[in-house]
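Below is one structure, written out as structure tokens; comments come after it.
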Number of protein chains: 2
Amino acid sequence: MNLTVAEENYIKAIYKLQDGAVVNTNAIAYELDTKPASVTDMAKKLKEKKLIDYEKYQGISLTAEGRKMALQIVRRHRLWECFLVDKLSFSWDEVHELAEELEHVRSEKLISRLSEYLGNPTTDPHGDPIPDAQGKISKTRQLVPLDKATAKRLEVAGVSDQSSALLEFLHAKGIRLGTQIDVIERYEFDNSVEIKIRNQPAFTISEQVSKSIMVKSI
Amino acid sequence: MNLTVAEENYIKAIYKLQDGAVVNTNAIAYELDTKPASVTDMAKKLKEKKLIDYEKYQGISLTAEGRKMALQIVRRHRLWECFLVDKLSFSWDEVHELAEELEHVRSEKLISRLSEYLGNPTTDPHGDPIPDAQGKISKTRQLVPLDKATAKRLEVAGVSDQSSALLEFLHAKGIRLGTQIDVIERYEFDNSVEIKIRNQPAFTISEQVSKSIMVKSI
DNA sequence: ATTTTTATTTAGATTTGTCTAAATTATATT
DNA sequence: AATATAATTTAGACAAATCTAAATAAAAAT
Ligand SMILES: [Mn+2]
Ligand SMILES: [Mn+2]
Ligand SMILES: [Mn+2]
Ligand SMILES: [Mn+2]
């Protein structure tokens with residue numbers, strides 16, 4: 001199965017967003033900074049190639065084959081991130097964009113040699129696990145409360161406080177399971193956090209709230 | 001100036017083929033394994049971007065800006081070749097295709113770090129000079145008789161024997177200055193060489209002839 | 001100086017990936 | 001249940017890069 005760069009980026013995005021449930025069109029469009037109509041177009045192609053399951057209006061999920069592809073791309077991405085940090089002295093926050101391009105050079109031999117050269121690392125500079133050559137990947141890292149998270153883009157994966165007051169607040173703000181959050185700023189004086197959710201203006205939440213939102217980096 | 005991968009490949013091909021004189025459409029098409037009509041299409045675009053000088057039927061040559069671009073791409077290509085051979089233990093004959101892809105990851109910082117990491121090499125695994133960050137490149141390597149050449153694809157750059165018998169033979173075979181030759185096989189028992197010229201079936205030349213054809217790798 | 005061959009360009013089409021605007025379907029609210 | 005809102009898809013368009021077949025120009029051979 002030979003994929004284009006665009007197809008690889010879609011497959012990887014779907015893998016990243018997929019979490020048990022199906023992935024919806026808008027989430028993929030947001031992740032890839034494209035338009036929902038383009039996602040629908042691509043969904044038809046990827047379905048044709050049997051890399052995703054897709055029925056219109058029903059969301060998208062990877063097939064076994066699609067997942068295999070995704071893991072290969074993720075492996076390449078994370079190994080290149082290791083290379084850039086370990087060998088070329090980049091810092092962990094400047095490697096993602098470069099890896100986003102390097103990941104598309106497809107060569108089993110190149111990647112196995114690179115992995116070996118790096119000492120077959122099992123996690124990338126951001127702590128994310130690196131799939132092995134067979135596509136086996138260790139469980140994704142645990143959840144962290146928002147006030148402890150270091151990454152800029154996060155996904156809400158749970159709440160540590162089940163009080164209806166909190167849940168009401170989150171609901172009103174449009175925060176629910178699976179919601180993607182961009183951290184705009186952290187204010188030291190009161191540990192409040194300015195965040196942004198897709199299609200909404202940024203807003204600030206208190207330390208108390210940020211401690212209650214469990215997130216994972218995506 | 002932001003180029004697409006296709007544009008970069010054309011610019012590099014033109015640089016490679018340019019040797020004082022202008023480059024013709026068919027040579028570029030052959031080099032890039034595409035069709036002359038496609039070269040004409042691209043020539044119009046690259047002229048629009050002021051990277052080449054081009055008047056129809058008059059051939060193509062790089063502008064100063066185009067040459068600058070070409071040297072950057074060549075630098076990236078050759079540095080990646082060094083990396084693959086020096087660090088990942090590839091042999092010199094398996095790196096070209098990989099470098100052909102890696103060269104399109106554009107990042108000044110990546111390339112300067114890579115160069116530094118490799119000890120700022122000045123020649124690649126094939127003996128070709130690596131342009132520095134400013135695009136300065138040492139003179140291209142000397143000519144070698146065909147029987148001593150190691151590369152698979154060569155360009156005829158002269159003859160060491162001016163006898164009319166030889167020149168007639170070369171003329172009859174379609175071998176002239178600038179002709180590109182692919183070496184198909186070298187026969188040890190009599191040191192004859194089977195070669196192929198674009199648009200012609202392969203044929204074999206004797207050791208005597210191969211000693212007289214001066215070539216450079218391209 | 002013609003004729004033949006080779007090189008190059010044009011015309012028109014195709015594929016891929018994208019977009020906007022409008023239409024449709026699903027979900028949430030009243 | 002009806003209405004409003006959000007998500008998704010369709011229709012139609014576009015740019016990039018390529019191709020084939022036909023037309024034209026340049027170069028070589030006679
Ligand atoms: Mn990518
Ligand atoms: Mn990472
Ligand atoms: Mn290339
Ligand atoms: Mn080389």
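Chain identifiers are assigned alphabetically (A, B, ...) following the order of the sequence lines, protein sequences preceding nucleic acid strands; residue numbering begins at 1 within each chain. Given the structure is predicted, the values throughout are model-derived calculations rather than measurements.
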CA sep, side-chain torsions, deciding dist, call: Lys109(A), Glu94(B), salt bridge (Lys or Arg N to Asp or Glu O under 4.0 Å): CA-CA 10 Å; Lys109(A) 191 164 185 176; Glu94(B) 6 174 51; 2.9 Å; yes

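- Checked against side chain to side chain contact (heavy atoms under 4.5 Å, CB included), Pro125(B) has the following partners two or more places apart in sequence or in another chain: Glu81(B), Cys82(B), Val85(B), Trp92(B).
- Out of dT16(C), dA16(D), dT18(C), the shortest distance to the side chain of Thr4(A) is found at dT16(C).
- For Lys12(B) and Glu7(B), the salt-bridge test fails: no basic side-chain N is under 4.0 Å from an acidic carboxylate O.
- Lys196(B) forms no cation-pi arrangement with Phe203(B), by the criterion of a distance under 6.0 Å to the ring centre and an angle within 45° of the ring axis.
- Listed in residue order, the members of residues 41-49 of chain A having a heavy atom less than 4.0 Å from DNA chain C are Asp41(A), Lys45(A).
- Rounded to whole angstrom, the span from the CD1 atom of Ile197(A) across to the C1' atom of dA6(D) amounts to 16 Å.
- Under the side chain to side chain contact (heavy atoms under 4.5 Å, CB included) criterion, Ser115(B) pairs with Arg75(B), Leu79(B), Asn120(B), Pro121(B), not counting sequence neighbours.
- Between Arg76(B) and Glu8(B), at least one side-chain N (NZ, or NE/NH1/NH2) sits under 4.0 Å from a carboxylate O, which counts as a salt bridge.
- Between Ser38(A) and dG17(C) there is no side-chain N or O to OP1 or OP2 distance below 4.0 Å.
- Side-chain N/O atoms of Tyr10(B) include none lying less than 4.0 angstrom from OP1 or OP2 on dA16(D).
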Contact pattern, 5' to 3', of nucleotides 21-30 of chain C - B, S or - by protein heavy atom under 4.0 Å: ---BSS----

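- For Thr40(A), no side-chain nitrogen or oxygen approaches OP1 or OP2 of dT10(D) to under 4.0 Å.
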side-chain hydrogen bond (donor to acceptor under 3.5 Å, both in side chains) evaluation trace for Tyr30(A) with Gln180(A): CA-CA 10 Å; Tyr30(A) 183 70; Gln180(A) 283 179 30; 5.6 Å; no

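- At a non-hydrogen distance threshold of 4.0 Å, Thr34(A), Lys35(A) from residues 17-36 of chain A come into contact with DNA chain C.
- Every pair passing side-chain hydrogen bond (donor to acceptor under 3.5 Å, both in side chains) that includes a residue from residues 50-61 of chain A is listed here, sequence neighbours excluded: Lys47(A)-Glu55(A).
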Steps toward salt bridge (Lys or Arg N to Asp or Glu O under 4.0 Å) verdict (Arg78(B), Glu103(B)): CA-CA 8 Å; Arg78(B) 292 180 182 168; Glu103(B) 70 186 359; over 6 Å; no

Ring pair (Phe, Tyr, Trp, His ring centres under 6.0 Å) assessment of Tyr10(A) paired with Tyr15(A): CA-CA 9 Å; Tyr10(A) 274 96; Tyr15(A) 173 79; over 10 Å; no

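- Between Phe83(A) and Phe83(B), the ring centre distance stays below 6.0 Å.
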